[in-house]
There are 2 protein chains.
Amino acid sequence: MKPTIYDVAERAGVSIATVSYVLNNQRVGKKSKEKVLQAMRELNYKPSVLASALTGKPTSTIGFLLPDLANPFVAEMARRVEDRAHERGYNLVICSTDFDPNKEALYTSLLKQKSVDGFILAGGFKSVEIIKELLEEQTPVALLAESHPSTSVNSVKVDDFTGGYEVTSYLLSLGHRRIAVLGEDATSTQDRIRGYKQALMENGIEVREEWIAISDFNRGNGERLVGEMLGASDRPTAVFACNDLLAIDAILAAREKKIPVPDDLSIIGFDNTLLSRACDPPLTTMEQPMQDMCSQVVDLLIEEIEGKSDLKKRIIMLPRLIIRQSTGPCPSDKG
Amino acid sequence: MKPTIYDVAERAGVSIATVSYVLNNQRVGKKSKEKVLQAMRELNYKPSVLASALTGKPTSTIGFLLPDLANPFVAEMARRVEDRAHERGYNLVICSTDFDPNKEALYTSLLKQKSVDGFILAGGFKSVEIIKELLEEQTPVALLAESHPSTSVNSVKVDDFTGGYEVTSYLLSLGHRRIAVLGEDATSTQDRIRGYKQALMENGIEVREEWIAISDFNRGNGERLVGEMLGASDRPTAVFACNDLLAIDAILAAREKKIPVPDDLSIIGFDNTLLSRACDPPLTTMEQPMQDMCSQVVDLLIEEIEGKSDLKKRIIMLPRLIIRQSTGPCPSDKG
DNA sequence: CTGAAAGCGCTAACAG
DNA sequence: CTGTTAGCGCTTTCAG
């Protein structure tokens with residue numbers, strides 16, 4: 001069997017209390033301490049987190065719910081969160097929710113049973129009820145790339161409205177007037193679209209609802225949606241995709257229809273994932289300062305867990321336009 | 001406070017033992033059972049996994065060590081593993097090791113303290129000592145996309161040798177004679193390269209060591225390595241990249257040097273990740289049957305955890321060539 | 001079929 | 001400074 005605190009105590013010739021004290025660096029005489037440490041080494045003793053957690057100590061484990069780990073953007077984010085969490089001595093239990101409130105409920109419940117110290121909810125977390133419930137139970141929570149205006153909860157995100165606005169303004173500055181949007185059913189998308197509409201309106205351009213496409217989360221759906229818009233005789237000259245993956249869908253759709261990018265169609269993404277550099281043409285995209293955002297949520301959550309701070313914060317970062325080769329001036333347009 | 005088994009017992013007017021029995025559906029009288037269930041519902045009682053684990057029950061948590069979650073291939077794999085694990089009622093604690101034996105040691109040790117039921121070690125797990133140690137301690141382990149020939153451990157992987165052999169044979173069949181390889185420092189790469197060499201030798205083609213490049217794990221390094229090979233006057237007409245990410249590096253390098261793909265340079269990847277369809281040209285690549293592999297490791301591990309089977313298996317799956325547009329006939333060659 | 005009670009490994013008063 | 005001891009929430013003999 002694995003050695004327990006009793007084995008260590010016996011070997012060191014002290015009581016288990018003393019061992020426990022050195023474990024938690026409390027006041028312990030130098031000599032006993034050395035004996036205990038020695039015994040621990042000899043037995044290769046590792047205290048059980050379970051047992052200590054049962055007495056009320058934290059488990060140093062964070063539940064991290066995200067939409068879909070297979071999405072490269074999400075994965076990159078997860079890695080950042082993981083790194084910061086590990087730096088601070090926490091592990092991550094990761095669950096993909098697929099934007100499904102049932103899974104959200106299931107996983108939060110399960111992980112609470114496993115006594116995680118808190119939750120990071122990323123991307124498009126659907127169920128506001130669950131967030132409220134966690135809050136009421138005093139379970140530490142922090143939202144990443146998401147925020148619920150009406151609830152008082154820690155969150156870190158990019159300013160999506162501004163992002164959408166700037167993307168659109170950039171396309172407008174290139175002369176585009178017929179700009180489509182492709183998004184997912186997430187609050188971030190909605191904000192980006194609001195920014196998009198705002199920019200259009202400020203320039204006296206009519207918003208055309210048929211050019212606002214919301215993809216569900218099945219892969220390939222985005223490609224089809226863009227394909228349909230491009231198939232129309234009166235087609236857009238630019239597509240604003242609400243994330244890089246969708247932008248790639250748009251590129252594929254254009255390639256399918258033999259529409260050259262960026263000559264006849266400009267495509268702009270969002271996120272600046274690794275993909276955006278790798279695809280062809282390299283993607284013009286809005287960068288989210290992921291590294292920063294991720295370490296911030298982790299820190300925010302841990303402050304709350306460790307009780308160092310009980311005031312909630314909402315941190316909003318500004319996205320930044322990265323211009324590559326998927327966008328260009330609007331082709332001469334007789335419409 | 002959260003309700004405990006005592007609260008339920010009290011409310012139901014039975015002893016905690018009875019409650020525990022219904023929790024584990026043991027023999028319990030129909031009436032008491034109903035009362036207990038009722039009480040649980042009313043209190044919204046959820047048993048603590050910690051407490052039950054402390055008595056020797058499993059935690060239903062698996063430690064999943066992988067090289068780097070930010071790598072899209074790895075992330076996709078993680079998602080598959082996650083799905084299967086969840087289906088079977090397990091959660092995943094995910095840790096990225098960056099091929100660093102120190103991290104491997106750190107995380108396995110930490111997670112053992114947290115009483116995970118077993119480990120899945122994926123990709124390029126470096127430290128054989130750790131694997132042996134886990135085995136000796138009887139900690140359930142399964143390797144994914146990796147195997148250690150000399151140790152008796154559950155594993156699921158693709159036949160890398162055959163993969164390398166077939167990739168190379170395919171390039172040879174297209175007329176290529178000057179084939180470079182780009183890999184990472186992992187055992188899978190070594191096997192694939194062995195297959196590559198074998199194919200060359202069988203065709204009486206000399207192996208040129210300067211065309212075997214091993215990238216370290218810093219991004220962009222692959223691109224530079226390929227760039228150097230392509231810069232030489234006597235350059236390869238095909239590149240076999242040992243994974244899709246490296247293949248994209250190769251594409252970028254070729255683009256940089258204005259070498260058209262596949263006309264003047266064929267590039268072939270490995271893994272068939274989502275990326276391979278998205279990049280331009282779409283990548284010819286060796287597909288690993290990931291879905292299958294991932295559910296198999298999970299099942300293998302869980303069988304061991306649940307003690308249903310104590311014989312070890314090594315499952316080897318065959319990769320499959322997916323031909324897309326990044327490969328073509330060898331350009332006429334005066335060499 | 002059900003209850004009393006010991007114990008899982010550790011923490012934290014409380015005494016000494 | 002150190003030991004005794006009572007839990008933490010649950011499982012599991014062992015009696016009844």
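The chains referred to below are lettered A, B, ... by the order of the sequence lines, with proteins before strands, and numbering in each begins at 1.
- Computed from coordinates, the B:Asp7 CG to D:dC8 C1' distance equals 13 Å when rounded to whole Å.
- B:Thr61 and A:Lys114 form a side-chain donor-acceptor contact under 3.5 Å, judged by distance and modelled atom types alone.
- Inter-residue side-chain proximity for A:Phe119 and A:Thr139 is flagged as met; some heavy-atom pair is nearer than 4.5 Å.
- A straight line from NZ of A:Lys57 to C1' of C:dA13 spans 14 Å, rounded to a whole angstrom.
- For the pair A:Lys31 NZ and D:dC1 P, the interatomic distance rounds to 13 Å; values are reported in whole Å.
- Side-chain contact annotation: A:Ser295 with A:Arg80, donor-acceptor N/O pair under 3.5 Å absent.
- When side chains are defined from C-beta on, B:Lys46 does not count as touching A:Leu110, because their heavy atoms never get closer than 4.5 Å.
- The side chain of A:Tyr45 places an N or O atom within less than 4.0 Å of a non-bridging phosphate oxygen (OP1 or OP2) of C:dC10.
- Between B:Ser20 and D:dT11 there is a side-chain polar atom (N or O) within less than 4.0 angstrom of OP1 or OP2.
- One finds a side-chain N or O of A:Thr18 lying less than 4.0 angstrom from the OP1 or OP2 phosphate oxygen of D:dG3.
- With rounding to whole Å, B:Ile5 atom CD1 is found 14 Å from C:dT2 atom C1'.
- A:Val19 comes within 4.0 angstrom of nothing in the nucleic acid, heavy atoms only.
- When distances run from any side-chain atom of A:Ser52 to the nucleotides C:dC10, D:dT11, C:dA12, the shortest one goes to C:dC10.
- Note: OH (A:Tyr6) to P (C:dG7) measures 10 Å, nearest angstrom.
- Taking atom CG of residue A:Asn24 and atom P of nucleotide C:dA12, one finds them 6 Å apart after rounding to whole Å.
- In the set C:dA5, D:dT4, D:dC8, the nucleotide with an atom closest to the side chain of A:Ser15 is D:dT4.
- In this entry the distance linking CG of B:Leu43 with C1' of D:dG9 reads 15 Å, nearest Å.
- In this structure, B:Leu54 and B:Ala17 both approach DNA chain C, and ranking their closest nucleotides by distance from the 5' end singles out B:Ala17.
- Comparing D:dT11, D:dT2, C:dG9 against the side chain of B:Leu23 picks out D:dT11 as the nearest.
- Using modelled atom types, one finds no donor on one side chain facing an acceptor on the other under 3.5 Å when comparing A:Thr189 with A:Glu184.
- Phosphate proximity of C:dA13 to A:Tyr21: absent, as no side-chain N or O sits under 4.0 Å from OP1 or OP2.
- When heavy atoms are screened at a 4.0 angstrom cut-off, B:Ile16 is found touching base atoms of the nucleic acid.
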